[in-house]
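Just so we're on the same page: letters track the sequence lines, and every chain starts at 1.
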2 protein chains.
Amino acid sequence: MTDLPRYLQLLWGREPEGRRGPKPGRTIEGIGAAAVEIADREGLEAVSMKSVARAVGFTTMSLYRYVDSKEELEAVMLDVAYGAPTFTYDTGSGWRDRISLWARGIAQRRLAHPWTVELIQSAPPLTPNVLAWTEHGLAALEDTPLTSEQRLSAMLAIDGWAQNHLRQSVQMGFTGPVDPESPQGNYLGLISQLIDPERFPQLTAAGSESLGDPDDNFYAEEFDRGMGLLLDGIAALIERHP
Amino acid sequence: MTDLPRYLQLLWGREPEGRRGPKPGRTIEGIGAAAVEIADREGLEAVSMKSVARAVGFTTMSLYRYVDSKEELEAVMLDVAYGAPTFTYDTGSGWRDRISLWARGIAQRRLAHPWTVELIQSAPPLTPNVLAWTEHGLAALEDTPLTSEQRLSAMLAIDGWAQNHLRQSVQMGFTGPVDPESPQGNYLGLISQLIDPERFPQLTAAGSESLGDPDDNFYAEEFDRGMGLLLDGIAALIERHP
DNA sequence: GCGCTACTGCGTACGGTGCAAGCAGTTACT
DNA sequence: AGTAACTGCTTGCACCGTACGCAGTAGCGC
């Protein structure tokens, strides 16, 4: 049994009691919240050990009393960004409504903190809020006849898709008003400048047709479309289930 | 009409002819390949302007004659990692076989260079090989009655899911032999140490049942399962198409 | 031929990063 | 009372991406 890394001990409140020395002056949640605030305001690249420390009134190295590395700080940030799931499922609602609600909830949290898509997590999440969301997602599929392995697969697929959709949308600059002067804004201009219509017929067609006017609703519409695809797939899986 | 960033000019062979001065001693493709080799061998964090420059026999700053920033270098790396799609679709094969083949092809390339999931692309891809794969994916759906907008959506959903599955698998350490000593290896140990079975009943159940023995085939099996979900969804979309 | 000019790769320098190590001061155990 | 474990702080290091100016080179217009 390996003992827990520091930040997990703190997040889960697993500190041994009766510890000597001064009480810690901050909480990791507070530190994470400060980091999140910086990321929301100035972008993820503005989050450094120094800037976060300053935001909580610390010197740089003091942060290492709460977190062993910047990567761990990022895990805390993600947990703060998720927050605890606040909604509950209507009694009587079916799995499709439930998991949709859940997916929308996750998408909403992530959309409020778009920098989450820039985080690279080299380890699976073990923080309280993220695990709470996972639990909530599994619970949405509780009434289906699927095995828990299938439920986990389905949930991971949905979560993964939602996350990826946000990622792609952020890349394309579709999450806010489209600025035609920005490099993303004239993506179409650049692409048509590059590709040979004979070598890239499908792309040429798709470009002129579909991406013609990516308006503000593009993100939401695409979200519903893709989610519908996945839910139909899950429905098919359930129907053919023994 | 904005003019192209340097690395795109080089990748697409759009340099003006009759240029003065010495010929460039390297190609971006070569530089990208060197960077890919470093990433394959020592991980993405070992890729620095210095290390790449040394690998091609340059000083650090010389790289900036080919690329305006490290981010552009990463775009080149991704393009090299993808390579050009080499396969063709069987005549007579249906869309389902075709897009499956395509998805497998992409997954294979990415799996050969797992660090691709760590790349954060802040702009949509405009490099030749990546666009060639996109074209190839759209062509797989050519025979379906879907609009090109729907085809694009479907393809993005599949690609996104494949990419995300790889990302999650890499995080979990499922892409290679499982080392129980590594932090990912005893993920289950850690999780069971943290969660209260009463507050996290679904997770507890899922953990003990499904993740019991994540063997080498877990990645591939999960890939097929999720892909099946998506393809079923697309099939449903096609059936109800006017 | 000539210089001019745009190009090559190189050397130096700068501000910023994450983090290792040792510090004096504080608190609660033995 | 003494000691051991903790707090936050200070200093210092190796490394990062990249701005800027350099001498040398190849093709242009004359």
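On the nucleic acid side, DNA chain D has its first and last nucleotide under 4.0 Å of a heavy atom of chain A at dA4(D) to dT11(D), going 5' to 3'.
With sequence neighbours excluded, no residue forms a side chain to side chain contact (heavy atoms under 4.5 Å, CB included) with Pro22(B). With sequence neighbours excluded, the residues that form a side chain to side chain contact (heavy atoms under 4.5 Å, CB included) with Pro197(B) are Thr204(B). For Glu135(A), there are no salt bridge (Lys or Arg N to Asp or Glu O under 4.0 Å) partners, not counting sequence neighbours. Remark: Arg65(B) pairs with no residue by the side chain to side chain contact (heavy atoms under 4.5 Å, CB included) rule, at least two apart or across chains. Arg109(A) meets the salt bridge (Lys or Arg N to Asp or Glu O under 4.0 Å) test with no other residue; sequence neighbours excluded. Annotation: salt bridge (Lys or Arg N to Asp or Glu O under 4.0 Å) contacts of Arg225(B) (sequence neighbours excluded): Glu149(A), Glu222(B).
Between Ser122(B) and Gln171(A), the side chains place no donor N or O within less than 3.5 Å of an acceptor N or O (distance only, hydrogens not considered).
Using modelled atom types, one side-chain atom of Arg14(A) and one backbone atom of Leu194(B) make a donor-acceptor pair closer than 3.5 Å.
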Show me the donor-acceptor pairs within less than 3.5 Å that the side chains of residues 45-53 of chain A make with the rest of the protein, sequence neighbours left out.
unit_1   : atom_1 : unit_2   : atom_2 : d
Ser48(A) : OG     : Lys50(A) : N      : 3.4
Ser48(A) : OG     : Ser51(A) : N      : 3.1
Ser48(A) : OG     : Ser51(A) : OG     : 3.4
Ser51(A) : OG     : Ala46(A) : O      : 2.9
Ser51(A) : OG     : Ser48(A) : N      : 2.9
Ser51(A) : OG     : Ser48(A) : O      : 3.1

Solution key, residues 29-43 of chain A side-chain donor-acceptor pairs under 3.5 Å, sequence neighbours excluded:
unit_1   : atom_1 : unit_2    : atom_2 : d
Asp40(A) : OD1    : His113(A) : ND1    : 2.8
Asp40(A) : OD1    : Trp115(A) : NE1    : 2.7
Asp40(A) : OD2    : His113(A) : ND1    : 3.1

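Applying a 4.0 Å cut-off to non-hydrogen atoms, none of the residues of residues 36-45 of chain B approaches DNA chain C. Near DNA chain C, meaning a heavy atom under 4.0 Å from it, residues 58-78 of chain B has Phe58(B), Thr59(B), Met61(B), Ser62(B), Arg65(B), Tyr66(B) in order of number.
A centroid separation of 6.0 Å or more is found between the aromatic rings of Trp12(A) and Tyr7(A).
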What N/O pairs connect the protein and nucleotides 24-30 of chain C at under 3.5 Å? Give each pair on its own line.
unit_1  : atom_1 : unit_2   : atom_2 : d
dT27(C) : O2     : Gly21(A) : N      : 3.1

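The number of heavy atoms from other shown groups lying within 6.0 Å of CZ (Arg104(A)) does not exceed 12.
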